[in-house]
Amino acid sequence: MLEVEDLRVTYGGAVQALRGITLQVPDGKVVAVLGSNGAGKTTLLRTISGTLKLHRGKIETGTVTFDGRSLGGRDASRIVAGGVVQVPEGRRIFSRLTVEENLRAGGMGSKDKAAKSAAQTRVYDLFPVLADRRTQRGGLLSGGEQQMLAIGRALMAGPKLLLLDEPSLGLAPRIIGQIGEIIREINRQGTSVLLVEQNATMALGVADLAFVLDVGKVSLSGDAAELAKTDAVQRLYLGHGAGDDTAVQQAAARSTKTLSRWTA
Amino acid sequence: MNTFLTLLLNGLSLGAIYALIALGFAIIFKASEVVSFMHGSLLLFGAFTIAKLNDSIGFFPAFICGVLATAGVGLLVERLLINRLRGAPLISLSILTIGVDIMMLTELTRRIGSDILNAGHPWGGDFVRIGGIGLTENRLYAMITAAVLIALFFTAFKFSSWGVAMRATAEDGETAALMGIKLGRVSALAWIIGAGLAAVAGLFLVGSPTPGVTPGVHAVALRAFPAAILGGLDSTGGALAGGMIIGIAEAMASGYQEQLLFLGRGFGDVVPYVVMILVLLVRPSGLFGTKELTRV
Ligand SMILES: Nc1ncnc2c1ncn2[C@@H]1O[C@H](COP(=O)(O)OP(=O)(O)O)[C@@H](O)[C@H]1O
Ligand SMILES: [Mg+2]
């Protein structure tokens with residue numbers, strides 16, 4: 001279980017990106033964090049994954065713990081070794097490395113050969129297209145395929161908790177639907193997920209719980225399906241007036257649909 | 001024709017030594033984005049250490065110790081300066097290496113004094129002849145050693161976990177860190193390898209036709225710079241190609257200096273820079289470079 005307590009983060013000592021947020025990701029759940037641009041979603045993930053330092057960011061107050069152990073101030077590689085892995089915003093594929101090398105890079109944090117080969121099998125099962133393209137350079141894949149590779153690469157470390165930063169960014173609606181299904185499947189296989197999104201339809205469709213971030217603060221939180229019905233979320237994130245809940249129904253319908261293997 | 005082939009072979013052997021040095025520049029730059037301006041001192045330190053130890057422990061142990069000691073210096077510089085100051089402007093870090101270079105060079109020059117130390121190569125300055133063309137034994141062994149090391153390097157770079165981590169880090173350090181790759185370790189290893197290769201190059205540079213270990217060896221690194229830059233500073237393949245191009249160009253310019261007299265005496269000494277400028281005019285980021293060199 002991931003627990004974030006009263007977390008305040010600043011950049012360069014001046015910009016206040018997170019102003020005291022508290023949230024939890026219980027084991028085995030998918031938790032969505034919604035928020036518009038600049039709300040602090042990426043900052044939250046950077047804090048959890050230990051890459052805040054690379055951006056001159058600093059935890060002012062508050063704690064981040066995973067399974068009871070504090071993550072604050074820890075080296076990124078130790079956090080990965082502890083089972084928390086982030087898929088960065090914008091995919092950030094190693095474009096000059098092949099698909100296979102990208103996956104190898106993803107497993108670099110551990111020395112356990114058997115675990116890595118099992119993880120690779122899992123990734124190729126989830127994303128058969130990556131197996132077909134294993135010798136191609138990452139930069140030659142389509143946007144959707146790159147997102148699969150980014151997720152697959154993170155799965156190579158065998159995470160207990162997967163952090164996803166706007167996986168739907170810049171993708172076509174059909175592909176976004178597939179991403180949602182893949183997140184559910186990964187979760188079903190036993191990985192907790194913290195899903196950061198601007199696309200509330202997809203996120204609320206797959207999440208069990210959700211938090212809404214508003215300029216560095218949690219403004220709403222609760223059960224994802226309940227939250228989808230509230231006026232504020234309807235208006236702000238789902239683009240509907242109060243009472244019109246077709247989007248939610250669609251999202252719910254999609255999430256219960258039987259999973260098909262991702263072959264696009 | 002034989003003159004030409006002899007010059008070509010000598011150029012290749014010189015180029016192989018430059019390539020060893022340039023490869024060091026390239027991986028250090030890839031891993032830490034710092035340009036090592038201290039390679040001249042590393043060359044000299046390697047050769048000096050081998051020459052000093054040679055009398056007491058024999059050539060081959062001295063060679064191993066010299067390479068390890070130089071690699072150790074690379075590691076120290078990375079740990080004590082580069083790694084600690086991560087986040088400082090990269091230009092400052094590169095200039096910092098100039099400071100280290102000057103300190104090491106001053107101390108080494110003082111210790112060497114006016115002596116010409118002998119590295120004690122078991123091979124002499126004899127000429128090896130293959131058909132009508134020839135080069136010194138030292139250069140022949142330099143070429144063979146460099147070929148083996150370069151082949152090992154590229155195999156490791158392509159296939160080993162170290163190579164994958166190195167290439168991933170060079171492309172996107174933050175994402176590499178998110179994958180659990182230890183950036184500090186990648187950078188430290190690059191400095192170890194870069195400095196170790198410099199020591200190997202140093203050993204051959206102080207052998208025939210050079211008289212021995214003198215502070216003048218330091219200047220050779222300045223000729224390997226154009227090799228790295230013209231190949232594209234962030235490209236290992238470029239370092240290899242650049243080393244060869246500079247080596248051959250230099251050998252040709254010296255060999256045909258009578259015919260090149262209209263360019264002035266000593267043209268051989270400036271030819272690396274002339275070649276570099278010509279290449280950069282056509283390809284600003286070098287033959288195989290991907291990044292703009294302006295970010296250095
Ligand atoms: N590297 C950085 N340096 C300074 N300020 C930053 C940096 N990254 C983000 N910020 C600021 O922090 C706030 C939150 O940004 P971010 O976490 O990227 O939001 P989101 O991911 O929700 O769009 C914004 O005001 C942004 O300008
Ligand atoms: Mg963001």
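Per chain, numbering begins at 1; letters A, B, ... match sequence-line order.
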- [ ] Using non-hydrogen atoms and a 4.5 Å limit, figure out which bit of A:Ala105 sits close to chain B: side chain, backbone, both or neither.
- [x] both
- [ ] Keeping the roles fixed (side chain from A:Gln24, backbone from A:Pro26), state whether a donor-acceptor pair exists under 3.5 Å.
- [x] no
Task: Among the listed options A:Ala81, A:Pro88, A:Ala157, the residue most often paired with chain B at heavy-atom distances under 4.5 Å - done: A:Pro88
TODO: Name the orientation class of the two ring planes belonging to B:Phe154 and B:Phe157 (parallel below 30°, tilted from 30 to 60°, perpendicular beyond 60°).
DONE: perpendicular
Open item on the list: Whether A:Arg92 and B:Asp172 form a salt bridge (side-chain N of Lys/Arg under 4.0 Å from carboxylate O of Asp/Glu) is what I want to check.
Closed with: yes
TODO: Determine the option with the most heavy-atom pairs under 4.5 angstrom with chain B, choosing from A:His55, A:Met156, A:Lys53.
DONE: A:His55
Task: Residue part contacting chain B, namely of A:Arg56, when any heavy atom lies under 4.5 Å - done: side chain
Open item on the list: I'd like to verify something: which residue of A:Gly109, A:Ala150, A:Ala154 has the highest number of heavy-atom pairs under 4.5 Å with chain B?
Closed with: A:Gly109
Open item on the list: Under 4.5 Å from any heavy atom of chain B, what part of A:Ser110 do you find: side chain, backbone, both or neither?
Closed with: neither
Open item on the list: Ring-plane angle category for B:His39 and B:Phe25, please: parallel below 30°, perpendicular beyond 60°, tilted otherwise.
Closed with: tilted
TODO: With a 4.5 angstrom heavy-atom cut-off, could you sort out which part of A:Ile93 is near chain B: side chain, backbone, both or neither?
DONE: backbone
Open item on the list: What I want to find out is whether A:Glu101 reaches B:Lys158 closely enough, with some N-O distance under 4.0 Å, to be called a salt bridge.
Closed with: yes
TODO: Please say which of A:Ile48, A:Thr47, A:Leu23 ends up in a side chain to side chain contact (heavy atoms under 4.5 Å, CB included) with A:Leu7.
DONE: A:Thr47
- [ ] Please look at A:Leu54 and chain B and tell me whether the side chain, the backbone, both or neither of the residue comes under 4.5 angstrom of a heavy atom of that chain.
- [x] side chain
